[in-house]
Amino acid sequence: MDPALLKERELFKKRAIAQPVVENKKTKNPPKHNKPFKSKSKSNQKAPPIVSFSCKTAHSSSHQSQSKFSALAKIVQHLKQLHLDGDSHSLTFQEILDETNQLDLTSTVKQWLIMEALPLNPKILLSNGKYSFKPLFSGGGENFQAQPSCGLPWFWCLSLYVNVN
């Protein structure tokens with residue numbers, strides 16, 4: 001090792017040792033009260049307050065939310081892959097669940113997907129109770145004029161266009 005670095009290290013150690021450090025020490029035995037324990041009668045005892053928040057409910061609600069969005073992401077990814085493969089047909093909700101192997105979803109997650117998540121998702125097109133992927137640009141072919149389907153002005157998406165002649 002470089003002698004200058006060794007010297008610098010030794011100086012650092014000396015400064016660190018010279019600097020005082022405050023540590024909080026925990027006592028092993030809690031202070032004992034001198035008062036004797038008095039038993040209370042049942043009429044004087046109050047029921048413990050009911051706490052609406054618990055670690056178990058918080059964990060289960062975050063897990064449920066995670067499983068909801070995981071299922072939604074799998075569905076969107078599957079519909080996108082079908083679109084990229086050239087399949088233009090729409091699928092019912094049950095067909096999507098069959099193809100993505102998500103048959104074990106709870107009824108609350110299925111209800112959330114059907115009523116809220118899938119209809120409100122900008123990447124999914126719902127028509128006649130069937131779902132399909134909604135591409136960013138619609139159309140294709142030789143005379144393709146790219147128009148964003150999301151309503152953005154065309155000049156915001158210029159970096160996405162490739163001019164092939």
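The structure displayed is predicted, hence computed values, not measured ones.
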**Request:** Tell me, please, which residues at least two apart from Phe69 pass ring pair (Phe, Tyr, Trp, His ring centres under 6.0 Å).
**Result:** Trp112
**Partners passing side chain to side chain donor-acceptor pair (under 3.5 Å) against Ser67 (at least two apart in sequence or in another chain)** = none
**Message:** If the condition is side-chain contact (heavy atoms from CB on, under 4.5 Å), which residues does Gln94 pass it with, not counting sequence neighbours?
**Reply:** Thr92, Leu97, Asp98, Leu103
**Asked** Taking it one step at a time, do Glu99 and Leu91 satisfy side-chain contact (heavy atoms from CB on, under 4.5 Å)?
**Response** CA-CA 10 Å; Glu99 290 184 11; Leu91 299 173; 3.6 Å; yes
**Asked** For Pro119 and Leu113, which heavy atoms make the closest approach, and how far apart are they?
**Response** CD-O, 3.6 Å
**Partner residues of Ser70 under the side-chain contact (heavy atoms from CB on, under 4.5 Å) criterion, sequence neighbours left out** = Lys74
**Fill in**
Contacts satisfying ring-ring contact (aromatic ring centres under 6.0 Å, His included) that involve residues 75-99 (not counting sequence neighbours) are His83-Phe133
**Request:** Could you tell me whether the side chain of Gln102 reaches within less than 4.5 Å of the side chain of Ile96, counting heavy atoms only?
**Result:** no
**Complete:** Taken in chain and number order and not counting sequence neighbours, the residues that satisfy side-chain contact (heavy atoms from CB on, under 4.5 Å) with Gln111 are Met115
**Request:** Could you list all the side chain to side chain donor-acceptor pair (under 3.5 Å) pairs where at least one residue sits in residues 5-17, not counting sequence neighbours?
**Result:** none
**Asked** Tell me, which pairs form a side chain to side chain donor-acceptor pair (under 3.5 Å) where one or both residues lie in residues 120-132, sequence neighbours left out?
**Response** none
**Item:** All side-chain contact (heavy atoms from CB on, under 4.5 Å) counterparts of Asp85, not counting sequence neighbours
**Value:** Gln81
**Message:** Could you check whether any side-chain heavy atom of Leu125 comes within less than 4.5 Å of a side-chain heavy atom of Leu79, counting everything from C-beta outward?
**Reply:** no
**Message:** With heavy-atom distances below 4.5 Å as the criterion, would you say the side chains of Leu118 and Ile114 are in contact?
**Reply:** no
